[in-house]
Number of protein chains: 2
Amino acid sequence: MRQHPQPPISTIVLTDVLAALSDPVRLDIVAALKQDGERGSTEFGCKVSSSTLSHHIRQLCEAGLLQHRKEGTRCFVSLRPELEQKFPGLIDSVLRFAPKEIAA
Amino acid sequence: MRQHPQPPISTIVLTDVLAALSDPVRLDIVAALKQDGERGSTEFGCKVSSSTLSHHIRQLCEAGLLQHRKEGTRCFVSLRPELEQKFPGLIDSVLRFAPKEIAA
DNA sequence: TTCGATGTTCGACGAAGATCGAATGTAGGG
DNA sequence: CCCTACATTCGATCTTCGTCGAACATCGAA
């Protein structure tokens, strides 16, 4: 149960980022984090099981989009700020068209 | 051998567009078309077989990114202009970071 | 009509992905 | 130390994807 791996910024690849964003569940997660900055890793209004949610969060981490933090027994995730330097404006451009079905 | 289907603009979905762009071959195709406007459907410097190329072009058409034109025995593809109205700026934002390995 | 060039479709294949429930690990509280 | 809450991992299942070569369809030309 250690934290998810985070690739160095230099190895982040555009197609992997797009692939990570191409799933509705993951797009919702990213949209929520863009709005809130950080959330507990279970506090997304997803209809998927917790194991599936964990899977999606892992994918986002491995693609370089998210960072993962543990605090006691809870986990928190947020967008990686370096991503904005690597692909400035990209996330905003995509999120602009994402339907905001983000659960509170 | 009829032309590939083109969905009406209203049914084009963001996640499908992102998925279409998340493959390196398809991203190259879109980048080349953005630059040239139109190309013969085989005139991409792809290393994949013609059947695979045809498959990718079909995917791009079905996702709503490309339009397909026949002229005699040749085929030409180009970006769908309506896409810019549906998702203004999106393609440019993505292509800005696409490595330009586009064969002439 | 036969041929050649151009594209598309058809299996087939392995790889990757989405999903779930069950099992496991980890921390904090009694 | 045991229990519970939380999160991840594992195993299983199904689906989708990228790829190829082969087969097929279509058009224009000889």
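Numbered from 1 within each chain, the chains take letters A, B, ... in sequence-line order. Just so you know, these numbers use all the heavy atoms, side chains as well, and skip hydrogens, waters and symmetry mates.
- Taking atom NZ of residue Lys70(A) and atom P of nucleotide dA7(D), one finds them 9 Å apart after rounding to whole Å.
- In this structure, Arg58(B) places its CZ atom 14 Å from P of dG18(D), rounding to the nearest Å.
- What separates CZ of Phe76(A) from P of dA27(C) is a distance of 15 Å, to the nearest Å.
- For Lys86(A), the salt bridge (Lys or Arg N to Asp or Glu O under 4.0 Å) test picks out no residue, with sequence neighbours left out.
- Listed candidates were dA7(D), dT9(D), dT8(C). Nearest to the side chain of Thr42(A) is dA7(D).
- Rounded to whole Å, atom C1' of dC27(D) lies 13 Å from atom CD of Glu71(B).
- Look at CD on Glu43(A): it is 11 Å from P on dC6(D), rounded to the nearest Å.
- Between Leu90(A) and Leu14(A), some side-chain heavy-atom pair lies under the 4.5 Å cut-off.
- Residue Arg74(A) places none of its side-chain N or O atoms closer than 4.0 Å to OP1 or OP2 of dT26(C).
- Nearer to the 5' terminus of DNA chain C, by closest-nucleotide assignment, is the contact made by Thr73(B) (compared with the other of Gly72(A) and Thr73(B)).
- Contact annotation: Ser54(B) side-chain N/O to dT8(C) OP1/OP2 distance is under 4.0 Å.
- Summarising the geometry, the separation between CG on Leu53(B) and P on dT8(C) is reported as 8 Å, rounded to the nearest angstrom.
- With sequence neighbours left out, Ser22(B) forms a side-chain hydrogen bond (donor to acceptor under 3.5 Å, both in side chains) with no residue at all.
- One can place NE2 of His68(B) at 11 Å from C1' of dT6(C), the figure rounded to the nearest angstrom.
- If you measure from atom NZ of Lys47(B) to atom P of dG18(D), you get 12 Å, rounded to the nearest angstrom.
- For the salt bridge (Lys or Arg N to Asp or Glu O under 4.0 Å) test, residues two or more places apart in sequence or in another chain that qualify with Glu62(B) are Arg58(B).
- Tested against Leu60(B) for a side chain to side chain contact (heavy atoms under 4.5 Å, CB included), the candidates Leu33(B), Ile29(B), Val77(B) yield a single pass: Ile29(B).
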Sub-3.5 Å pairs of nitrogen or oxygen atoms, protein against nucleotides 17-19 of chain C:
residue : atom : partner  : partner atom : Å
dA18(C) : OP1  : Asp23(A) : OD2          : 3.4
dA18(C) : OP1  : Arg26(A) : NH1          : 3.3
dA18(C) : OP1  : Arg26(A) : NH2          : 3.0
dA18(C) : OP2  : Arg26(A) : NH1          : 2.9
dT19(C) : OP2  : His56(A) : NE2          : 2.5

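- Residues meeting the salt bridge (Lys or Arg N to Asp or Glu O under 4.0 Å) test with Glu38(A), sequence neighbours left out: Arg69(A).
- Listed by chain and residue number, His4(B), Ile57(B), Leu66(B), His68(B) satisfy the side-chain contact (heavy atoms from CB on, under 4.5 Å) test with Cys61(B) (two or more places apart in sequence, or in another chain).
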